[in-house]
Peer 1: 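One structure, pasted below without further comment.
Whatever order the structure lists them in is the order used to number ligands and atoms, beginning at 1. Numbers here are sequence positions counted from 1.
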Amino acid sequence: MTRVIGLISGTSVDGIDAALVDISGTGFDLQVEFVAGATYPYQDDLRKRILAVCAGQAISMAELAELDDAIAIAFAQAAQNIQVDHQPATLIGSHGQTVYHRPAGVGDRENTSPRHRLGYTLQLGRGAVIAQLTGITTVNNFRVADIAAGGQGAPLVSPVDAALFSHPQEARCIQNIGGIGNITYLPPRQDSQPDHWLEKIRGWDTGPGNSLLDLAVQYLTNGTKTYDENGSWAASGTPCHALVEHWLEQEYFHLPPPKSTGRELFGVDYLQECIKDSEPYQLNSADLLATLTELTAVSIVHNYRSFLPKLPERVFLCGGGSRNLYLKNRLQQLLEPVPVLTTDEVGLSADFKEAIAFAVLAYWRQLGFPSNLPTVTGASKRVLLGEINFSQ
Ligand SMILES: Nc1ncnc2c1ncn2[C@@H]1O[C@H](COP(=O)(O)OP(=O)(O)OP(=O)(O)O)[C@@H](O)[C@H]1O
Ligand SMILES: CC(=O)N[C@H]1[C@@H]2OC[C@@H](O2)[C@@H](O)[C@@H]1O[C@H](C)C(=O)O
């Protein structure tokens, strides 16, 4: 049994999720026991600097170095805090903070080969610094090896979903709704030989999760609120279906997987376009929020109906968006009769699933187990994910 800390701050940039877990087993046959989880919000100034860089603001190399230091120190502090009152961990898996993601094969429309260009991705918060500050071996930089092998470098949680949520008879979808949404499709495990089962797993980024909703709430409240708690503001409005239909024409929703995205596409500029599009309809604030929430729900379901081999028997939500009850209800209605639950209902924290996943990815890296799934990321082969930083 290895006690591992998983750390991530996602595209919402709301803070560092830390999970303390005990892991045993090998390959996809793992036992993962959740010991503790907590979210450590970024200091206001650090969050603003990160969001500015994510929005494309230019910074000097000196500022980049300072930002990287500040993030690494905050991550190391989160690792220290989560161990208080617990037996210490011997391994850390740190995703870091994504500040830039350029998916593979996107950006050069002239070239006829869809995957001709390597992706590029940057997660700040150096693992070597976290290892030195905590005294714990730290695995980080998980995405780069998959990208070097021609993959998207995301989503990486799909193999972890496969280990934790697969069912012998049931096809399942695990739908993360963070800043960005991503899906893992898990065919029934009993149906096929292990290798064949792995090849049938699918996963990709479905598009916006909460990113547009959070930005809209900040815009509508002049920054006094950061998200639509429980979706109650959106629930008080009426979605404009004509706008949703129009927004659904966006190329990303029609791009077949493998695909990944980020705030570079579904960020501030995208929201401004949406607001401009909405002007002729004279929507009030609640209607605008309801319409953006509808886009998140409809785009997820559009992805399912367009690209899954078949609809799953059950869908399990995770990520902060699973707490948006209006969004959850809309997903339930649109996917009827498929039940839409949360991962909590099968015993794994919806809030800390991503942090747990990076603990598992670090554990796999330490075992020397190649953990990307080429059918998900589009990589040419399975590779070891993550770089190991020893503390001495
Ligand atoms: N009670 C709630 N009601 C509605 N929305 C919520 C609630 N709690 C959290 N959220 C939403 O969840 C978001 C954070 O989700 P999460 O932490 O899963 O995202 P992330 O991990 O940063 O993103 P990603 O998975 O794309 O990397 C918040 O920004 C907010 O929009
Ligand atoms: C580049 C990057 O950080 N991508 C994130 C982001 O947040 C959600 C979605 O886009 C996802 O696919 C990915 O993270 C998760 C943890 C993943 O790799 O599975």
Peer 1: In terms of relative ring orientation, are Phe75 and Tyr42 parallel, tilted or perpendicular, with 30° and 60° separating the classes?
Peer 2: tilted
Peer 1: Could you report the tightest heavy-atom contact between Arg365 and Gly386, atom names first, then the distance?
Peer 2: NE-O, 2.9 Å
Peer 1: May I ask you to check whether Val157 has an N/O atom sitting below 3.5 Å from an N/O atom of ligand 2?
Peer 2: yes
Peer 1: Indicate the atoms forming the closest heavy-atom contact of Phe253 with Gly207, along with that distance.
Peer 2: CE2-CA, 4.3 Å
Peer 1: Does any donor atom in the side chain of Thr342 or Glu345 lie under 3.5 Å from an acceptor atom in the other side chain?
Peer 2: yes
Peer 1: Among all protein heavy atoms, pick out the one at the shortest distance from atom 4 (N) of ligand 2; state its residue, atom name and that distance to 0.1 Å.
Peer 2: Arg143 NH2, 3.7 Å
Peer 1: Check the angle between the aromatic planes of His254 and His302 and answer parallel, tilted or perpendicular using the 30° and 60° thresholds.
Peer 2: perpendicular
Peer 1: Pairing donors with acceptors under 3.5 angstrom, does anything connect the side chains of Arg263 and His101?
Peer 2: no
Peer 1: Give the atoms of ligand 2, by number and element, whose distance to some non-hydrogen atom of His95 is under 4.0 Å.
Peer 2: 3 (O)
Peer 1: Of all the atoms in ligand 2, which lie at a distance below 4.0 Å from a heavy atom belonging to Phe358?
Peer 2: 16 (C)
Peer 1: Could you name each residue pair satisfying salt bridge (charged side-chain N to carboxylate O under 4.0 Å, His left out) that touches residues 316-327, not counting sequence neighbours?
Peer 2: Arg323-Asp351
Peer 1: Under 4.0 Å from any heavy atom of Glu354, which atoms of ligand 2 are there?
Peer 2: 15 (C), 16 (C)
Peer 1: Look at atom 12 (O) of ligand 2 and say which protein heavy atom is nearest, naming residue and atom and giving the distance to 0.1 Å.
Peer 2: Asp205 OD1, 2.5 Å
Peer 1: What is the ring orientation for Tyr100 with Tyr120, classed by angle as parallel under 30°, tilted 30 to 60°, or perpendicular over 60°?
Peer 2: tilted
Peer 1: Judging by distance only, is a nitrogen or oxygen of Asn176 under 3.5 angstrom from one on ligand 2?
Peer 2: no
Peer 1: Please list the nearest protein heavy atom to atom 17 (C) of ligand 2 with its residue and the distance rounded to 0.1 Å.
Peer 2: Leu156 N, 3.3 Å
Peer 1: If you measure only the distance, is there a donor-acceptor pair under 3.5 Å linking the side chains of Thr206 and Asn303?
Peer 2: no
Peer 1: Backbone or side chain, does any N or O of Thr98 fall under 3.5 Å from an N or O of ligand 2?
Peer 2: yes
Peer 1: At a 4.0 Å threshold, what atoms of ligand 2 neighbour a non-hydrogen atom of Thr11?
Peer 2: 6 (C), 7 (O)
Peer 1: For Asp69 and Arg49, what are the C-alpha separation, side-chain angles and deciding distance, and is it a salt bridge (Lys or Arg N to Asp or Glu O under 4.0 Å)?
Peer 2: CA-CA 13 Å; Asp69 281 349; Arg49 279 154 66 202; over 6 Å; no
Peer 1: With ring centroids as reference points, do Tyr227 and Trp233 lie under 6.0 angstrom apart?
Peer 2: no
Peer 1: Show me a pair-per-line table, with atom names and distances to 0.1 Å, of protein N or O atoms that are under 3.5 Å from an N or O of ligand 1.
Peer 2:
residue	atom	partner	partner atom	Å
ligand 1	1 (N)	Asn230	OD1	3.3
ligand 1	3 (N)	Asn230	N	2.7
ligand 1	10 (N)	Gly320	O	3.3
ligand 1	12 (O)	Asn210	ND2	3.4
ligand 1	15 (O)	Gly320	N	3.3
ligand 1	18 (O)	Gly320	N	2.8
ligand 1	19 (O)	Ser12	OG	3.1
ligand 1	21 (O)	Glu354	OE1	3.2
ligand 1	22 (O)	Thr11	N	3.3
ligand 1	22 (O)	Ser12	N	2.9
ligand 1	22 (O)	Ser12	OG	3.2
ligand 1	23 (O)	Thr11	N	3.3
ligand 1	23 (O)	Thr11	OG1	3.3
ligand 1	23 (O)	Gly179	N	2.8
ligand 1	25 (O)	Asn176	ND2	3.0
ligand 1	25 (O)	Glu354	OE1	3.3
ligand 1	25 (O)	Glu354	OE2	2.9
ligand 1	26 (O)	Thr11	OG1	2.4
ligand 1	26 (O)	Gly179	N	3.0
ligand 1	26 (O)	Ile180	N	2.9
ligand 1	26 (O)	Ile180	O	3.4
ligand 1	27 (O)	Thr11	N	2.9
ligand 1	29 (O)	Asp214	OD2	2.5
ligand 1	31 (O)	Asp214	OD1	2.6
ligand 1	31 (O)	Asp214	OD2	3.1

